[in-house]
Structure formats: C-alpha cells, structure tokens
2 protein chains.
Amino acid sequence: MLSDDCNIGDDLRRRLYRAFLDIFLLRLIDEEPLWGYRLMEILRDRYGLRVGPPVLYPLLSSLERRGMVEGLDVHVGGRRRKVYQLTNRGRAYVRRFEEVVREALGL
Amino acid sequence: MLSDDCNIGDDLRRRLYRAFLDIFLLRLIDEEPLWGYRLMEILRDRYGLRVGPPVLYPLLSSLERRGMVEGLDVHVGGRRRKVYQLTNRGRAYVRRFEEVVREALGL
DNA sequence: TACATTATATCGCTTCTCCGATATATTCAA
DNA sequence: TTGAATATATCGGAGAAGCGATATAATGTA
C-alpha cells in the first residue's frame, strides 16, 4: 500500500509537471539562467520527467515569444549555447499561477 | 493591465481545472453527493468552466470504475438520477494531490 | 579514429483530449 | 400542445499533445 501511495503520488506529480511544464520551466530559470539541454537534464534527474527536444525547444521558443524569458546566445568553449533568463513578465506569470493554485485548493 | 491580469488568472485557472478535472470533481463531491447535470451546472456557474456530457460522463464512469466515487441510482420525481458519493479512496486521492501540489510549489 | 557527449532544432506520425452532434426519457411551463 | 429544462449517455471527427526519428555541429574520450 505504501508503494501504491508512492505510485499515485508519482503519477500525480508527473501529471502536474506535464500540465504546467511551462510554469515549472520558468521556475527553474528563476533559480538561475539555464539552457535547453541543462533543463532537460534537471527535469530528468531531479523530477524523473523525460522531456525530449521536440517538446522542450518549441516550448522555450514559445516562452521567449511571449516575453517570459530572454534567450541569450553564448559561446562556451567553442559550442553554441542559448541561455535563457527569466523576465519580469515571466516572474509575474509564475506568481500568478501560485496564487491561482492556492485559491483553487484553499492552501 | 488589471484586466490583463484577470485574463491571465482566468486562463491559468481554466488550465488548472481542465488538467485536473477529475480531482476538482472529487472535491465537489466531497462537499456533498452530486449528480452529473448538477456538476456541469456548478462548474459552469461557479468556475465559468463549460464541461459537456461527452467529457463529464465518461469521466464520472472512470472515477467510479477506479473506486473513487460510488454511483447510486435514485428516482427524483419520476426522473432517474445517478448521485455520486465520494469514497475513502477518492478522498485519499484528493489529499494526495494537495500534498503533491504543496510540495512541488513549496506552498 | 570512432563513438559519446553536449547542444540546438525540426518533422511527421500516433495517441489523446475535446467538442459538436446526437439519442433518449421525464417533467415543467407557457 | 410544444418547447424548455432536467437528466443520462455515446459517437465520430477535429485539434492538440507527445514521441520517435532525425539533422547538424563541436568537443571530449577511449
């Protein structure tokens, strides 16, 4: 039953992350500026969530287009890298989300 | 900007309800036993969320099959009605969800 | 040198979700 | 009497989301 509880919790957690991947990406980027590949690593290693390039990159592009992050082209040891920083708009969006959740669940 | 904020909040709220409609149904049923048509009314009037029969009824059936609610056939003034009650399993599921959200968002 | 890692990005197919339309039945109200 | 409201339920098509496969490029390692 305990392992069943864990499975349910895992499942719910996965659902939550999937449904609001954009928000959770923004929250990670709020901690520190990050790039696509690193974000995929963190999601996989910290949350056990496998998000591949076809999902992640269009989503990052969308977030940039909506002004929630700013993408900076950087060169690291000869490799290109696009590092994303959170904008105020992105930060406000996350705060709004937390508010909505708190309200909706009475937390 | 204020109305923009409201729109963002509304949008996020809608996303939340959509993504976790099963949970929010369970929470409504936790308040009191309810039936399909009434649930649709509440979602529409209280949350501005339009959920039609094709979404709601299969979802209620699924919740029943998973043992989270129990459906009781009732006759009300000559009409059939299927009233759903929350089971302990359903209640536990909701609690687990709240826990997961709290954890994930540090609320 | 060949393969793995780091890194960005897209395409097309499959699966899932949502929605319009619909069916049926009983009661209520104009 | 007719149409609306209350109530349950499903089907099939459209759109959205997810995933496998892929491409490209530079660096690192065995």
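From a predicted model like this one, the values you see are computed outputs, not experimental measurements. Note on naming: letters A, B, ... go to the chains in the order of the sequence lines (proteins, then strands), and numbering restarts at 1 for each one.
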| Can a salt bridge be assigned to the pair B/D11 and A/R96 using a cut-off of 4.0 Å between side-chain N and carboxylate O? | no
| Of the non-hydrogen atoms in A/R27 and B/G106, which two are nearest, and what is the gap between them? | NH2-N, 4.5 Å
| message | Regarding B/G52, tell me which of base, sugar-phosphate or nothing describes its non-hydrogen contacts under 4.0 Å with the strands shown. | response | nothing
| task | Any chance you could encode DNA chain D as dot-bracket? Rule is Watson-Crick or G-U wobble with both distances under 3.5 Å; [ ] for pairs crossing earlier ones, | for another strand. | result | ||||||||||||||||||||||||||||||
| task | Could you state the atom-to-atom distance from CG of A/D73 to C1' of C/dT8 in whole Å? | result | 10 Å
| task | Report yes if a side-chain nitrogen or oxygen of B/R18 is closer than 4.0 Å to either non-bridging phosphate oxygen (OP1 or OP2) of C/dC19; otherwise report no. | result | yes
| request: Please state whether the phosphate of C/dC16, meaning OP1 or OP2, lies under 4.0 angstrom from any side-chain nitrogen or oxygen of A/R15. | output: no
| Proximity to the side chain of B/P53 - top-ranked nucleotide from C/dT6, D/dA9, C/dA9 | D/dA9
Ignoring hydrogens and angles, write down the donor-acceptor pairs under 3.5 Å from the side chains of residues 49-74 of chain A, residues two or more places apart or on other chains.
| unit_1 | atom_1 | unit_2 | atom_2 | d |
| --- | --- | --- | --- | --- |
| A/S61 | OG | A/Y57 | O | 3.1 |
| A/S62 | OG | A/R66 | NH1 | 3.3 |
| A/E64 | OE1 | A/K82 | NZ | 3.2 |
| A/E64 | OE2 | A/G71 | N | 3.2 |

| Of A/R79 and A/A19, the one whose closest DNA chain D nucleotide lies more 5' | A/A19
| task | May I have the distance from A/H75 (atom NE2) to C/dT8 (atom C1'), rounded to whole angstrom? | result | 12 Å
| query | Could you give the CH2-to-C1' distance, from A/W35 to C/dA9, as a whole number of Å? | reply | 18 Å
| said: Applying ring-ring contact (aromatic ring centres under 6.0 Å, His included) as the test, list every pair that has at least one member in residues 78-107 of chain B; sequence neighbours left out. | reply: B/F20-B/F97
| task | Look at all strands and tell whether A/G78 reaches a base, only sugar-phosphate, or nothing, counting heavy atoms closer than 4.0 Å. | result | sugar-phosphate
| Taking atom C1' of D/dA17 as reference, at what distance in whole Å does atom CZ of A/R14 sit? | 17 Å
| query | Could you give the OH-to-C1' distance, from B/Y57 to D/dC11, as a whole number of Å? | reply | 16 Å
| said: Tell me the interatomic distance from A/L56, atom CG, to D/dA21, atom P, rounded to whole angstroms. | reply: 20 Å
| note | Rounded to whole Å, CZ of A/R80 lies from P of D/dA23 at a distance of 16 Å
| Ion pair A/D10/A/R13, N-O distance below 4.0 Å | yes
| Would you call A/E99 and A/R102 a salt bridge, using N to O less than 4.0 angstrom? | no
| query | How many Å lie between OH on A/Y84 and P on C/dA9, as a whole number? | reply | 5 Å
| query | Where the side chain of A/K82 is defined as all heavy atoms beyond and including C-beta, which of D/dA5, D/dT10, C/dT8 is the nearest nucleotide? | reply | C/dT8
| query | Of the non-hydrogen atoms in B/L34 and B/L28, which two are nearest, and what is the gap between them? | reply | CD1-O, 3.6 Å
